[in-house]
2 protein chains.
Amino acid sequence: MNEKKKRIIATAKELIALYGFKKTTMDEIAAKARMGKSSMYYYFKNKEDIFAEIVRIDSDLFRQKLNDAIQKAYSPQDKIMQYIRTRMLHLKELSNYYKTLTNEYLDHYFFIEQVRGDFYNFENNTLSTLINEGIQQNVFTPCDVDVVVHLIAIAIKGLEYPLFIQKEQDLERDSKQMMEIIFKGIEVRA
Amino acid sequence: MNEKKKRIIATAKELIALYGFKKTTMDEIAAKARMGKSSMYYYFKNKEDIFAEIVRIDSDLFRQKLNDAIQKAYSPQDKIMQYIRTRMLHLKELSNYYKTLTNEYLDHYFFIEQVRGDFYNFENNTLSTLINEGIQQNVFTPCDVDVVVHLIAIAIKGLEYPLFIQKEQDLERDSKQMMEIIFKGIEVRA
DNA sequence: AATTAGACTGAAATACAGAATTGGTCGAAT
DNA sequence: ATTCGACCAATTCTGTATTTCAGTCTAATT
(Lines give C-alpha, C1' and ligand atoms only; values in the text may rest on other atoms or scores of the structure.)
Protein backbone atom coordinates (compact mmCIF):
# COMPACT_ATOMS: atom_id res chain seq x y z
CA MET A 1 0.00 0.00 0.00
CA ASN A 2 1.01 3.56 -0.84
CA GLU A 3 2.86 5.48 1.89
CA LYS A 4 0.42 8.41 1.83
CA LYS A 5 -2.51 6.05 1.98
CA LYS A 6 -0.99 4.36 5.00
CA ARG A 7 -0.47 7.73 6.66
CA ILE A 8 -4.10 8.65 6.12
CA ILE A 9 -5.26 5.31 7.53
CA ALA A 10 -2.94 5.59 10.54
CA THR A 11 -3.96 9.16 11.32
CA ALA A 12 -7.63 8.48 10.84
CA LYS A 13 -7.41 5.42 13.05
CA GLU A 14 -5.72 7.42 15.78
CA LEU A 15 -8.29 10.21 15.72
CA ILE A 16 -11.26 7.87 15.42
CA ALA A 17 -10.05 5.89 18.42
CA LEU A 18 -9.96 9.15 20.36
CA TYR A 19 -13.07 10.96 19.20
CA GLY A 20 -15.18 8.41 17.34
CA PHE A 21 -16.06 8.35 13.67
CA LYS A 22 -18.57 11.15 13.52
CA LYS A 23 -16.60 13.65 15.57
CA THR A 24 -13.44 13.15 13.55
CA THR A 25 -13.51 15.59 10.66
CA MET A 26 -11.78 15.23 7.35
CA ASP A 27 -10.06 18.56 7.99
CA GLU A 28 -8.60 17.24 11.23
CA ILE A 29 -7.31 14.10 9.58
CA ALA A 30 -5.82 16.14 6.77
CA ALA A 31 -4.16 18.57 9.17
CA LYS A 32 -2.69 15.84 11.35
CA ALA A 33 -1.55 13.85 8.33
CA ARG A 34 0.03 17.02 6.97
CA MET A 35 -1.73 17.19 3.64
CA GLY A 36 -4.56 19.02 1.95
CA LYS A 37 -8.01 17.65 2.50
CA SER A 38 -8.70 17.05 -1.16
CA SER A 39 -5.52 15.01 -1.43
CA MET A 40 -7.21 12.42 0.69
CA TYR A 41 -10.01 12.23 -1.83
CA TYR A 42 -7.43 11.15 -4.37
CA TYR A 43 -6.88 7.99 -2.31
CA PHE A 44 -10.32 7.43 -0.86
CA LYS A 45 -13.78 7.79 -2.28
CA ASN A 46 -15.16 9.39 0.87
CA LYS A 47 -15.00 9.43 4.64
CA GLU A 48 -16.81 6.15 5.05
CA ASP A 49 -14.34 4.58 2.67
CA ILE A 50 -11.48 5.39 5.03
CA PHE A 51 -13.34 3.92 7.95
CA ALA A 52 -14.31 0.85 5.94
CA GLU A 53 -10.67 0.27 5.04
CA ILE A 54 -9.61 0.54 8.68
CA VAL A 55 -12.25 -1.96 9.71
CA ARG A 56 -11.35 -4.27 6.83
CA ILE A 57 -7.66 -4.30 7.75
CA ASP A 58 -8.37 -4.82 11.43
CA SER A 59 -10.77 -7.66 10.85
CA ASP A 60 -8.27 -9.35 8.52
CA LEU A 61 -5.66 -9.16 11.25
CA PHE A 62 -8.16 -10.53 13.73
CA ARG A 63 -8.96 -13.51 11.57
CA GLN A 64 -5.26 -14.16 11.03
CA LYS A 65 -4.65 -14.03 14.78
CA LEU A 66 -7.41 -16.56 15.34
CA ASN A 67 -6.07 -18.90 12.67
CA ASP A 68 -2.60 -18.70 14.23
CA ALA A 69 -4.01 -19.58 17.63
CA ILE A 70 -5.76 -22.63 16.21
CA GLN A 71 -2.67 -23.79 14.40
CA LYS A 72 -0.61 -23.70 17.58
CA ALA A 73 -2.94 -26.04 19.48
CA TYR A 74 -3.19 -29.77 18.92
CA SER A 75 -6.34 -31.49 20.17
CA PRO A 76 -9.68 -30.32 18.77
CA GLN A 77 -10.71 -29.31 22.28
CA ASP A 78 -7.59 -27.25 22.72
CA LYS A 79 -8.00 -25.65 19.32
CA ILE A 80 -11.50 -24.54 20.23
CA MET A 81 -10.37 -23.30 23.65
CA GLN A 82 -7.53 -21.32 22.10
CA TYR A 83 -9.91 -19.87 19.55
CA ILE A 84 -12.21 -18.66 22.30
CA ARG A 85 -9.36 -17.37 24.43
CA THR A 86 -7.81 -15.42 21.57
CA ARG A 87 -11.16 -14.06 20.52
CA MET A 88 -11.93 -12.81 24.02
CA LEU A 89 -8.56 -11.21 24.57
CA HIS A 90 -8.67 -9.45 21.23
CA LEU A 91 -12.19 -8.15 21.79
CA LYS A 92 -11.20 -6.89 25.20
CA GLU A 93 -8.24 -5.08 23.70
CA LEU A 94 -10.46 -3.62 21.00
CA SER A 95 -13.02 -2.39 23.49
CA ASN A 96 -10.28 -0.67 25.44
CA TYR A 97 -8.91 0.96 22.33
CA TYR A 98 -12.18 2.20 20.95
CA LYS A 99 -13.60 3.40 24.27
CA THR A 100 -15.57 6.23 22.69
CA LEU A 101 -17.01 4.19 19.86
CA THR A 102 -20.41 3.08 21.05
CA ASN A 103 -21.95 0.39 18.90
CA GLU A 104 -25.34 2.07 18.63
CA TYR A 105 -24.57 4.45 15.88
CA LEU A 106 -22.01 2.29 14.18
CA ASP A 107 -24.91 0.19 13.06
CA HIS A 108 -25.87 2.92 10.67
CA TYR A 109 -22.88 2.22 8.50
CA PHE A 110 -23.62 -0.56 6.05
CA PHE A 111 -20.09 -1.98 5.92
CA ILE A 112 -20.20 -2.78 9.62
CA GLU A 113 -23.05 -5.16 8.87
CA GLN A 114 -20.95 -6.55 6.06
CA VAL A 115 -17.97 -7.18 8.33
CA ARG A 116 -20.21 -8.59 11.03
CA GLY A 117 -21.71 -10.98 8.53
CA ASP A 118 -18.30 -11.98 7.19
CA PHE A 119 -17.04 -12.63 10.69
CA TYR A 120 -20.12 -14.62 11.56
CA ASN A 121 -19.47 -16.84 8.57
CA PHE A 122 -15.79 -17.14 9.40
CA GLU A 123 -16.57 -18.13 12.97
CA ASN A 124 -19.15 -20.67 11.87
CA ASN A 125 -16.87 -22.22 9.30
CA THR A 126 -13.93 -22.32 11.69
CA LEU A 127 -15.88 -23.95 14.50
CA SER A 128 -17.57 -26.35 12.07
CA THR A 129 -14.19 -27.44 10.75
CA LEU A 130 -12.85 -27.98 14.25
CA ILE A 131 -15.86 -30.01 15.35
CA ASN A 132 -15.72 -32.10 12.17
CA GLU A 133 -12.02 -32.71 12.71
CA GLY A 134 -12.84 -33.87 16.21
CA ILE A 135 -15.43 -36.29 14.87
CA GLN A 136 -12.97 -37.53 12.24
CA GLN A 137 -10.40 -38.18 14.95
CA ASN A 138 -12.99 -40.05 16.97
CA VAL A 139 -12.68 -37.50 19.78
CA PHE A 140 -16.18 -36.10 19.36
CA THR A 141 -19.18 -38.30 18.82
CA PRO A 142 -20.92 -37.80 15.46
CA CYS A 143 -23.67 -35.23 15.92
CA ASP A 144 -25.49 -32.32 14.34
CA VAL A 145 -22.47 -30.07 13.90
CA ASP A 146 -24.54 -26.98 13.20
CA VAL A 147 -26.27 -27.25 16.55
CA VAL A 148 -23.00 -27.69 18.40
CA VAL A 149 -21.54 -24.70 16.59
CA HIS A 150 -24.63 -22.69 17.39
CA LEU A 151 -24.36 -23.58 21.06
CA ILE A 152 -20.69 -22.69 21.22
CA ALA A 153 -21.27 -19.47 19.30
CA ILE A 154 -24.06 -18.50 21.65
CA ALA A 155 -21.97 -19.32 24.69
CA ILE A 156 -19.14 -17.18 23.36
CA LYS A 157 -21.51 -14.33 22.61
CA GLY A 158 -22.94 -14.62 26.10
CA LEU A 159 -19.47 -14.19 27.48
CA GLU A 160 -18.96 -11.12 25.33
CA TYR A 161 -21.16 -8.83 27.34
CA PRO A 162 -19.39 -9.02 30.71
CA LEU A 163 -16.15 -8.51 28.77
CA PHE A 164 -16.22 -4.91 29.82
CA ILE A 165 -16.86 -5.48 33.47
CA GLN A 166 -15.42 -8.79 34.55
CA LYS A 167 -11.80 -9.57 35.24
CA GLU A 168 -9.80 -11.39 32.63
CA GLN A 169 -9.10 -14.50 34.71
CA ASP A 170 -12.75 -14.94 35.61
CA LEU A 171 -13.70 -14.89 31.98
CA GLU A 172 -11.07 -17.45 31.13
CA ARG A 173 -12.13 -19.66 34.01
CA ASP A 174 -15.81 -19.33 33.07
CA SER A 175 -15.24 -20.12 29.42
CA LYS A 176 -13.00 -23.05 30.30
CA GLN A 177 -15.56 -24.58 32.65
CA MET A 178 -18.43 -24.01 30.26
CA MET A 179 -16.56 -25.56 27.39
CA GLU A 180 -15.70 -28.55 29.54
CA ILE A 181 -19.41 -29.25 29.91
CA ILE A 182 -20.03 -28.88 26.21
CA PHE A 183 -17.04 -31.08 25.41
CA LYS A 184 -18.30 -33.73 27.80
CA GLY A 185 -21.60 -33.46 25.99
CA ILE A 186 -20.11 -34.25 22.61
CA GLU A 187 -17.07 -36.36 23.43
CA VAL A 188 -16.94 -40.04 22.57
CA ARG A 189 -17.51 -42.05 25.73
CA ALA A 190 -14.89 -44.53 26.85
CA MET B 1 -56.90 -3.90 44.41
CA ASN B 2 -59.28 -0.95 44.11
CA GLU B 3 -61.53 -0.85 41.03
CA LYS B 4 -60.39 2.63 39.99
CA LYS B 5 -56.78 1.65 40.44
CA LYS B 6 -57.34 -1.35 38.24
CA ARG B 7 -58.97 0.82 35.61
CA ILE B 8 -56.02 3.18 35.60
CA ILE B 9 -53.58 0.28 35.27
CA ALA B 10 -55.60 -1.33 32.49
CA THR B 11 -55.98 1.89 30.54
CA ALA B 12 -52.37 2.86 30.96
CA LYS B 13 -51.25 -0.59 29.89
CA GLU B 14 -53.36 -0.38 26.77
CA LEU B 15 -52.07 3.02 25.77
CA ILE B 16 -48.48 2.22 26.62
CA ALA B 17 -48.63 -0.92 24.50
CA LEU B 18 -49.80 1.26 21.64
CA TYR B 19 -47.71 4.38 21.94
CA GLY B 20 -44.93 3.59 24.40
CA PHE B 21 -44.34 5.05 27.82
CA LYS B 22 -43.11 8.49 26.89
CA LYS B 23 -45.73 9.22 24.26
CA THR B 24 -48.60 8.25 26.52
CA THR B 25 -49.68 11.32 28.44
CA MET B 26 -51.38 11.44 31.79
CA ASP B 27 -54.19 13.44 30.21
CA GLU B 28 -54.80 10.67 27.70
CA ILE B 29 -54.91 8.01 30.36
CA ALA B 30 -57.25 10.11 32.44
CA ALA B 31 -59.54 10.79 29.48
CA LYS B 32 -59.70 7.15 28.41
CA ALA B 33 -60.20 5.99 32.01
CA ARG B 34 -62.98 8.58 32.34
CA MET B 35 -61.64 10.50 35.32
CA GLY B 36 -59.85 13.71 36.10
CA LYS B 37 -56.10 13.67 35.77
CA SER B 38 -55.45 14.60 39.35
CA SER B 39 -57.64 11.75 40.55
CA MET B 40 -54.97 9.41 39.31
CA TYR B 41 -52.49 11.10 41.60
CA TYR B 42 -54.62 9.97 44.49
CA TYR B 43 -53.77 6.37 43.57
CA PHE B 44 -50.29 6.76 42.17
CA LYS B 45 -47.33 8.86 43.17
CA ASN B 46 -46.46 9.75 39.58
CA LYS B 47 -46.38 8.51 36.00
CA GLU B 48 -43.42 6.23 36.59
CA ASP B 49 -45.26 4.69 39.49
CA ILE B 50 -48.05 3.54 37.20
CA PHE B 51 -45.59 2.03 34.81
CA ALA B 52 -43.66 0.40 37.64
CA GLU B 53 -46.84 -1.20 38.91
CA ILE B 54 -47.68 -2.57 35.47
CA VAL B 55 -44.22 -4.04 35.15
CA ARG B 56 -44.34 -5.46 38.66
CA ILE B 57 -47.67 -7.19 38.06
CA ASP B 58 -46.57 -8.57 34.72
CA SER B 59 -43.32 -9.91 36.05
CA ASP B 60 -45.13 -11.56 38.95
CA LEU B 61 -47.43 -13.30 36.49
CA PHE B 62 -44.42 -14.32 34.43
CA ARG B 63 -42.70 -15.88 37.42
CA GLN B 64 -45.89 -17.70 38.35
CA LYS B 65 -46.26 -19.02 34.82
CA LEU B 66 -42.70 -20.34 34.95
CA ASN B 67 -43.24 -22.01 38.31
CA ASP B 68 -46.39 -23.66 37.01
CA ALA B 69 -44.53 -25.00 33.98
CA ILE B 70 -41.85 -26.50 36.20
CA GLN B 71 -44.39 -28.11 38.49
CA LYS B 72 -46.10 -29.84 35.59
CA ALA B 73 -42.93 -31.58 34.41
CA TYR B 74 -41.31 -34.53 36.15
CA SER B 75 -37.67 -35.24 35.32
CA PRO B 76 -35.13 -32.49 36.06
CA GLN B 77 -34.31 -32.36 32.35
CA ASP B 78 -37.94 -31.92 31.47
CA LYS B 79 -38.42 -29.27 34.12
CA ILE B 80 -35.55 -27.26 32.68
CA MET B 81 -36.83 -27.74 29.12
CA GLN B 82 -40.30 -26.61 30.12
CA TYR B 83 -38.85 -23.63 31.90
CA ILE B 84 -36.98 -22.58 28.76
CA ARG B 85 -39.96 -23.25 26.52
CA THR B 86 -42.34 -21.23 28.66
CA ARG B 87 -39.83 -18.42 29.00
CA MET B 88 -39.36 -18.20 25.24
CA LEU B 89 -43.04 -18.30 24.40
CA HIS B 90 -43.85 -15.64 26.98
CA LEU B 91 -41.06 -13.35 25.80
CA LYS B 92 -42.21 -13.75 22.23
CA GLU B 93 -45.74 -12.84 23.25
CA LEU B 94 -44.45 -9.84 25.18
CA SER B 95 -42.41 -8.60 22.26
CA ASN B 96 -45.46 -8.82 20.04
CA TYR B 97 -47.56 -6.93 22.52
CA TYR B 98 -45.12 -4.14 23.21
CA LYS B 99 -44.05 -3.64 19.59
CA THR B 100 -43.41 0.07 20.03
CA LEU B 101 -41.52 -0.22 23.28
CA THR B 102 -37.86 -0.24 22.30
CA ASN B 103 -35.58 -1.32 25.10
CA GLU B 104 -33.11 1.47 24.58
CA TYR B 105 -34.88 4.15 26.42
CA LEU B 106 -36.58 1.91 28.89
CA ASP B 107 -33.17 1.53 30.43
CA HIS B 108 -33.50 5.05 31.72
CA TYR B 109 -36.12 4.00 34.20
CA PHE B 110 -34.52 2.68 37.34
CA PHE B 111 -37.22 0.16 38.20
CA ILE B 112 -36.59 -1.70 34.97
CA GLU B 113 -33.09 -2.42 36.25
CA GLN B 114 -34.68 -3.49 39.52
CA VAL B 115 -37.03 -5.92 37.79
CA ARG B 116 -34.24 -7.16 35.56
CA GLY B 117 -32.12 -7.85 38.61
CA ASP B 118 -34.96 -9.57 40.41
CA PHE B 119 -35.64 -11.75 37.42
CA TYR B 120 -31.97 -12.58 37.04
CA ASN B 121 -31.94 -13.77 40.64
CA PHE B 122 -35.16 -15.71 40.19
CA GLU B 123 -33.81 -17.42 37.09
CA ASN B 124 -30.55 -18.28 38.79
CA ASN B 125 -32.23 -19.66 41.86
CA THR B 126 -34.75 -21.65 39.84
CA LEU B 127 -32.13 -23.22 37.60
CA SER B 128 -29.83 -23.86 40.56
CA THR B 129 -32.60 -25.66 42.38
CA LEU B 130 -33.42 -27.78 39.35
CA ILE B 131 -29.79 -28.74 38.77
CA ASN B 132 -29.33 -29.57 42.44
CA GLU B 133 -32.48 -31.68 42.39
CA GLY B 134 -31.03 -33.52 39.42
CA ILE B 135 -27.81 -34.19 41.30
CA GLN B 136 -29.78 -35.34 44.34
CA GLN B 137 -31.73 -37.77 42.17
CA ASN B 138 -28.48 -39.05 40.71
CA VAL B 139 -29.56 -37.86 37.25
CA PHE B 140 -26.89 -35.19 36.96
CA THR B 141 -23.32 -35.79 37.98
CA PRO B 142 -22.15 -33.62 40.88
CA CYS B 143 -20.56 -30.50 39.42
CA ASP B 144 -20.08 -26.76 39.85
CA VAL B 145 -23.76 -25.83 39.74
CA ASP B 146 -23.05 -22.13 39.25
CA VAL B 147 -21.14 -22.79 36.06
CA VAL B 148 -23.87 -25.02 34.67
CA VAL B 149 -26.47 -22.40 35.50
CA HIS B 150 -24.34 -19.73 33.91
CA LEU B 151 -23.99 -21.82 30.75
CA ILE B 152 -27.71 -22.49 30.53
CA ALA B 153 -28.53 -18.85 31.25
CA ILE B 154 -26.15 -17.71 28.54
CA ALA B 155 -27.56 -20.21 26.08
CA ILE B 156 -31.08 -19.01 26.83
CA LYS B 157 -30.01 -15.41 26.45
CA GLY B 158 -28.37 -16.25 23.17
CA LEU B 159 -31.66 -17.66 21.96
CA GLU B 160 -33.43 -14.51 23.02
CA TYR B 161 -32.12 -12.35 20.22
CA PRO B 162 -33.47 -14.26 17.22
CA LEU B 163 -36.78 -14.41 19.08
CA PHE B 164 -38.04 -11.59 16.92
CA ILE B 165 -36.99 -13.05 13.62
CA GLN B 166 -37.00 -16.83 13.78
CA LYS B 167 -40.00 -19.08 13.65
CA GLU B 168 -41.29 -20.61 16.82
CA GLN B 169 -40.62 -24.22 15.93
CA ASP B 170 -37.04 -23.52 14.94
CA LEU B 171 -36.43 -21.91 18.30
CA GLU B 172 -37.92 -24.85 20.10
CA ARG B 173 -35.90 -27.30 18.04
CA ASP B 174 -32.71 -25.31 18.60
CA SER B 175 -33.18 -25.02 22.32
CA LYS B 176 -34.07 -28.70 22.59
CA GLN B 177 -30.97 -29.81 20.72
CA MET B 178 -28.71 -27.45 22.59
CA MET B 179 -30.02 -28.56 25.93
CA GLU B 180 -29.53 -32.17 24.92
CA ILE B 181 -25.82 -31.50 24.55
CA ILE B 182 -25.63 -29.73 27.89
CA PHE B 183 -27.60 -32.51 29.56
CA LYS B 184 -25.27 -35.09 28.08
CA GLY B 185 -22.45 -33.00 29.47
CA ILE B 186 -23.75 -33.18 33.02
CA GLU B 187 -25.70 -36.42 33.13
CA VAL B 188 -24.49 -39.37 35.16
CA ARG B 189 -23.02 -41.93 32.78
CA ALA B 190 -24.42 -45.43 32.69
C1' DA C 1 -0.12 12.12 -16.10
C1' DA C 2 -0.20 11.91 -11.28
C1' DT C 3 -0.67 14.58 -7.15
C1' DT C 4 -1.65 18.41 -4.19
C1' DA C 5 -3.94 22.32 -2.37
C1' DG C 6 -6.98 26.38 -1.48
C1' DA C 7 -11.36 28.20 -2.32
C1' DC C 8 -16.03 27.04 -2.71
C1' DT C 9 -20.84 24.77 -2.18
C1' DG C 10 -24.84 22.67 -0.60
C1' DA C 11 -26.61 19.97 2.77
C1' DA C 12 -26.74 18.84 7.41
C1' DA C 13 -25.84 19.82 12.19
C1' DT C 14 -26.23 23.21 15.79
C1' DA C 15 -27.95 27.03 18.54
C1' DC C 16 -31.56 29.46 20.11
C1' DA C 17 -35.84 31.93 21.18
C1' DG C 18 -40.62 31.67 21.52
C1' DA C 19 -44.68 28.63 21.73
C1' DA C 20 -46.98 24.56 23.06
C1' DT C 21 -47.22 20.43 25.78
C1' DT C 22 -47.30 17.92 29.81
C1' DG C 23 -46.16 15.99 34.55
C1' DG C 24 -47.40 17.25 38.77
C1' DT C 25 -49.70 20.42 42.65
C1' DC C 26 -53.37 22.89 45.18
C1' DG C 27 -57.43 24.23 47.13
C1' DA C 28 -62.23 23.81 46.71
C1' DA C 29 -66.21 20.78 46.14
C1' DT C 30 -68.55 16.44 47.15
C1' DA D 1 -61.94 9.75 51.51
C1' DT D 2 -62.30 11.01 46.72
C1' DT D 3 -62.72 13.89 42.63
C1' DC D 4 -61.82 17.74 39.91
C1' DG D 5 -60.63 22.10 37.30
C1' DA D 6 -57.34 25.57 37.37
C1' DC D 7 -52.80 26.43 37.59
C1' DC D 8 -47.47 26.16 37.49
C1' DA D 9 -42.87 25.04 36.24
C1' DA D 10 -40.28 22.47 33.48
C1' DT D 11 -39.57 20.10 29.45
C1' DT D 12 -40.32 19.49 24.62
C1' DC D 13 -41.29 21.17 20.22
C1' DT D 14 -40.87 24.31 16.27
C1' DG D 15 -39.25 27.34 13.16
C1' DT D 16 -35.16 29.98 11.93
C1' DA D 17 -30.64 31.94 11.76
C1' DT D 18 -25.87 30.34 11.89
C1' DT D 19 -22.12 27.29 11.58
C1' DT D 20 -19.82 23.19 10.35
C1' DC D 21 -18.29 19.91 7.36
C1' DA D 22 -18.10 16.33 3.62
C1' DG D 23 -17.17 16.52 -0.78
C1' DT D 24 -16.08 19.23 -5.51
C1' DC D 25 -13.73 22.19 -8.71
C1' DT D 26 -10.08 24.29 -10.73
C1' DA D 27 -5.64 25.55 -11.02
C1' DA D 28 -0.89 24.82 -9.64
C1' DT D 29 2.99 21.62 -8.95
C1' DT D 30 5.82 17.65 -9.62
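Residue numbers begin at 1 in each chain, while the letters A, B, ... track the order of the sequences.
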Return the value, rounded to whole Å, for the distance between atom NZ of A:K23 and atom P of D:dT20. 14 Å

Side-chain contact check for A:K47: nearest option of D:dG23, C:dA5, C:dT25 is D:dG23

Whole angstrom is fine here: how far is it from CD1 in B:I8 over to P in D:dC4? 10 Å

Could you state the CG-P distance from A:D27 to D:dA22, rounded to the nearest angstrom? 6 Å

Nearest whole Å is fine: how far is C:dT21 P from B:K22 NZ? 18 Å

How close or far is atom P of D:dC21 from atom CD of A:E48, stated in whole angstroms? 17 Å

With rounding to the nearest 0.5 angstrom, report the OG1 to CD1 distance, B:T141 to B:I186. 9.0 Å

Please give, in whole Å, the distance from D:dC21 C1' to A:Y19 OH? 17 Å

Under 3.5 Å, is there an N or O donor on one side and an acceptor on the other linking the side chain of B:S38 and the base of C:dG24? no

Checking all strands, does B:Y43 fall into the base, sugar-phosphate, or nothing category for heavy-atom contacts under 4.0 angstrom? sugar-phosphate

Can you tell me if B:T25 touches the phosphate of C:dT22, counting only side-chain N or O atoms and a distance under 4.0 Å to OP1 or OP2? no

Report the relative orientation of the aromatic rings in A:H90 and A:F62; use parallel for angles under 30°, tilted for 30 to 60°, perpendicular for over 60°. parallel

By nearest-heavy-atom nucleotide on DNA chain D, the more 5' of A:Y41 and B:S39 is B:S39

Spacing of A:M35 atom CE relative to D:dT30 atom P, expressed in whole Å: 17 Å

Please give me the minimum heavy-atom distance between A:P76 and A:F140, naming the atom from each residue. CB-CE1, 4.0 Å

Spell out yes or no: do the side chain of B:K37 and the base of D:dG5 have one donor N/O and one acceptor N/O closer than 3.5 Å? no

Find the distance B:M26:CE to C:dT21:P and express it as a whole number of Å. 18 Å

Flag for B:Q77-B:E180: side-chain donor and acceptor within less than 3.5 Å: no

Consider only side-chain heavy atoms of I, L, V, M, F, W and Y, link residues closer than 4.5 Å, and tell whether B:F110 and B:I16 are in one cluster. yes

